[in-house]
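To start, the structure under review is shown below, and the notes come after it.
Keep in mind that the numbers below use all heavy atoms, side chains included, and drop hydrogens, waters and symmetry copies. Here the structure is a predicted model, which means the values were calculated and not measured.
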Amino acid sequence: MNSKLQHDLDNFENILEKTKQQGIDFLSNIDNIPTSNTYSIDPKTELNELGLGSIEALKEFNERLAPLMVSSPGPRYWGFVTGGSTPASIVGDWLASVYDQNTQAVKAQGGASALIEFETINLLLQLLELPDAFLGGFVTGATMSNFTSLAVARQWFGKQYGKDFAKNGISETINILTATPHSSSIKSLSMLGIGSQNYTVIKTIEGNREALDTADLEEKIKALNGEPFILISSAGTVNTADFDDFEAIAKLREKYNFWWHIDGAFGGFAAVSEKYKHYVKGWEGADSITIDCHKWLNVPYESAFYLVKKEHVNLQIETFQNSNAPYLGNPLENFNYLNVLPENSRRLRALPVWFSLKAYGKEGFRDLIEDSIALALHFANALIENDFELLAPIRLNNVCFTLKGEHNQEKVTPFLSALNDTGKVFMTPTVYQNKKGIRASFVNWRTNEEDVRIVIKEMKDLLEII
Ligand SMILES: *Cc1c(COP(=O)(O)O)cnc(C)c1O
């Protein structure tokens with residue numbers, strides 16, 4: 001064995017101890033670590049001939065690279081939709097690296113860790129109160145979950161014409177209907193060869209809504225003259241967390257032939273709360289659902305899952321079957337993840353989620369979800385009292401707002417930039433109904449009212465000088 005590797009092996013306990021301490025130092029100080037910084041590096045360094053060993057590499061990391069780290073898992077990182085990581089999720093994440101399984105099969109001599117993934121998906125179905133009719137798997141994020149789901153939808157579409165698109169390529173125009181798709185669904189259409197411009201936009205409901213107008217949907221369906229289509233619907237749009245009417249869509253499914261996909265990357269977690277589950281009423285009728293775990297479930301990157309109805313498992317295998325795979329037999333009995341999703345080799349991505357669900361249970365996540373929503377409302381009220389205006393009502397955990405008054409539109413960008421520069425909070429710019437705005441998303445388990453107070457104070461101070 002190489003001498004540096006041998007030295008590290010002999011010192012493993014000390015190395016892990018130091019790493020653990022580093023984790024504790026970062027996470028116990030997270031409230032004080034800035035949400036942004038201007039530190040930069042020249043991203044070039046010499047590859048040592050002899051290597052440094054882990055301890056020296058850690059030293060170099062601490063000197064040069066660690067200062068780049070911002071408190072994105074901290075309580076005031078409200079940009080995008082950014083979750084943190086709970087203690088249990090870090091346990092699972094660390095152990096996923098330690099055990100380093102290649103999670104593929106449920107029945108194999110070389111390891112059956114996919115059973116842990118099955119068990120975790122089953123726990124998630126219980127959390128979200130979804131039926132056992134779905135087969136799920138973990139992917140890196142909601143983008144890949146949308147991709148995986150829409151890839152199966154594409155195969156379904158071909159089948160309506162007796163075609164096998166996975167084998168022979170796309171030979172029909174694929175009809176896609178959607179109202180307010182997340183950009184990652186559009187990216188998926190591009191990756192899937194459907195084309196990022198090849199979709200029909202359904203009108204949204206009049207007024208301050210991003211949800212699809214069911215009457216317009218039905219009109220656009222009728223215009224297809226009986227052709228099949230794929231509907232990409234939303235459980236939680238990013239700007240205003242709006243939800244399509246799933247009961248109405250379920251009714252349309254009784255009349256028309258379509259694949260129904262729901263992107264519920266963060267909004268799907270409304271299902272966990274008695275107060276908000278009405279938003280997703282009827283969603284179990286969908287063919288496929290996307291949910292992110294590195295957002296509201298507060299597990300580390302990268303983690304999301306897809307759910308596809310079991311009845312479509314053959315379409316899924318046709319789409320993703322690894323050409324070198326041995327004879328499959330009964331696809332559910334000899335199940336192997338490498339035949340149902342993009343990756344072949346895969347980390348045991350389920351483990352952080354498994355630990356989280358075991359550690360905090362249904363109540364833990366119900367509290368987390370409801371606390372986030374209460375904080376969004378609390379922040380929104382404070383904004384209204386302080387010369388800001390909401391661009392949309394607060395439906396869930398996202399607050400979309402702007403500076404009050406048309407004349408202040410030009411100040412929105414410099415205001416946000418100056419606010420983010422304080423390092424006390426991070427939010428993202430947005431444009432909503434032709435107005436420049438700012439978006440704050442509440443998903444982190446650590447965030448509390450004191451954080452809202454700190455942010456409002458920074459915002460008030462800035463308003464005076466901008
Ligand atoms: C964040 C998000 C995505 C993309 O998720 P990634 O995890 O970044 O890949 C897709 N859809 C919605 C609604 C989202 O909020």
Less than 4.5 Å apart, any side-chain heavy atom of [X] and any of [Y]?
{"X": "Thr148", "Y": "Pro342", "value": "yes"}
{"X": "Phe266", "Y": "Asp292", "value": "no"}
{"X": "Thr178", "Y": "Val201", "value": "no"}
{"X": "Lys358", "Y": "Leu123", "value": "yes"}
{"X": "Asp244", "Y": "Tyr279", "value": "no"}
{"X": "Phe165", "Y": "Ser171", "value": "yes"}
{"X": "Ile176", "Y": "Ile232", "value": "yes"}
{"X": "Asn208", "Y": "Tyr432", "value": "yes"}

For [X] versus [Y], what's the shortest heavy-atom pair and its separation?
{"X": "Val106", "Y": "Ala112", "value": "O-CB, 3.5 Å"}
{"X": "Phe305", "Y": "Cys293", "value": "CD2-SG, 3.5 Å"}
{"X": "Phe269", "Y": "Ala265", "value": "CE1-O, 4.0 Å"}
{"X": "Ile186", "Y": "Tyr199", "value": "CD1-CE2, 3.4 Å"}
{"X": "Met427", "Y": "Arg439", "value": "CB-O, 3.4 Å"}
{"X": "Thr402", "Y": "Gln409", "value": "OG1-NE2, 3.5 Å"}

Backbone N/O of [Y] and side chain of [X]: donor-acceptor pair under 3.5 Å:
{"X": "Ser149", "Y": "Ser145", "value": "yes"}
{"X": "His294", "Y": "Ser303", "value": "yes"}
{"X": "Ser417", "Y": "Thr413", "value": "no"}
{"X": "Tyr360", "Y": "Ala88", "value": "yes"}
{"X": "Asp242", "Y": "Arg209", "value": "no"}
{"X": "Glu210", "Y": "Thr240", "value": "yes"}

Taking only residues two or more places apart in sequence or in another chain, which ones pass ring-ring contact (aromatic ring centres under 6.0 Å, His included) with Tyr161?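 By the ring-ring contact (aromatic ring centres under 6.0 Å, His included) rule, Tyr161 matches Phe157.
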
With Phe415 via ring-ring contact (aromatic ring centres under 6.0 Å, His included) - residues at least two apart: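 ring-ring contact (aromatic ring centres under 6.0 Å, His included) check on Phe415 returns Phe388.
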
Please round to the nearest 0.5 Å and tell me the distance separating atom [atom1] of [X] and atom [atom2] of [Y].
{"X": "Lys220", "Y": "Thr200", "atom1": "NZ", "atom2": "OG1", "value": "7.5 Å"}
{"X": "Leu391", "Y": "Asn434", "atom1": "CG", "atom2": "CG", "value": "11.0 Å"}
{"X": "Gln101", "Y": "Leu348", "atom1": "CD", "atom2": "CG", "value": "6.5 Å"}
{"X": "Asp245", "Y": "Leu212", "atom1": "CG", "atom2": "CG", "value": "8.0 Å"}
{"X": "Ile394", "Y": "Leu390", "atom1": "CD1", "atom2": "CG", "value": "5.0 Å"}
{"X": "Asp216", "Y": "Glu206", "atom1": "CG", "atom2": "CD", "value": "10.5 Å"}

[X] bridged to [Y] by N-O distance under 4.0 Å:
{"X": "Asp93", "Y": "Arg349", "answer": "no"}
{"X": "Glu218", "Y": "Lys255", "answer": "yes"}
{"X": "Arg446", "Y": "Asp451", "answer": "no"}
{"X": "Lys404", "Y": "Glu389", "answer": "no"}
{"X": "Glu318", "Y": "Lys167", "answer": "no"}
{"X": "Arg154", "Y": "Glu172", "answer": "no"}

Check: [X]/[Y] side-chain N/O donor and acceptor closer than 3.5 Å:
{"X": "Asp263", "Y": "Asn146", "answer": "yes"}
{"X": "Ser190", "Y": "Ser196", "answer": "no"}
{"X": "His261", "Y": "Asp287", "answer": "no"}
{"X": "Thr103", "Y": "Glu117", "answer": "no"}

Is there a side-chain hydrogen bond (donor to acceptor under 3.5 Å, both in side chains) between Asn239 and Asn398 once you walk through the steps? CA-CA 7 Å; Asn239 262 335; Asn398 287 356; over 6 Å; no

Using the six-membered ring wherever Trp is involved, compare the ring planes of Phe80 and Phe426 and label them parallel, tilted or perpendicular (cut-offs 30° and 60°).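 Tilted.
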
What orientation do Phe335 and Phe118 show, parallel under 30°, tilted 30 to 60°, or perpendicular over 60°?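 If you compare the ring of Phe335 with that of Phe118, the planes turn out perpendicular.
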
Any chance the rings of Tyr337 and Phe138 have centres within less than 6.0 Å?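 No: the rings miss the under 6.0 Å criterion.
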
Are the aromatic rings of Trp78 and Phe379 close, with centres under 6.0 Å apart?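 Centroid separation for Trp78 and Phe379: below 6.0 Å.
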
Checking side-chain hydrogen bond (donor to acceptor under 3.5 Å, both in side chains) for the pair Gln316/Asn339: CA distance, chi angles, key distance, verdict? CA-CA 8 Å; Gln316 195 166 353; Asn339 291 315; over 6 Å; no

Criterion side chain to side chain contact (heavy atoms under 4.5 Å, CB included) on Trp296 and Ile291, from CA distance to verdict: CA-CA 10 Å; Trp296 226 345; Ile291 308 270; over 6 Å; no

Has Lys203 got more than 12 heavy atoms of other residues, nucleotides or ligands less than 6.0 Å from its NZ?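 For Lys203, atom NZ is not crowded (no more than 12 foreign heavy atoms under 6.0 Å).
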
With sequence neighbours left out, which residue pairs that include part of residues 221-235 fulfil the side-chain hydrogen bond (donor to acceptor under 3.5 Å, both in side chains) condition?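 Output for this query lists Asn175-Glu227, Ser233-Trp260.
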
Only one of Ile262, Thr214, Leu231 clears side chain to side chain contact (heavy atoms under 4.5 Å, CB included) with Ile249; which?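 The single option meeting the side chain to side chain contact (heavy atoms under 4.5 Å, CB included) with Ile249 is Leu231.
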
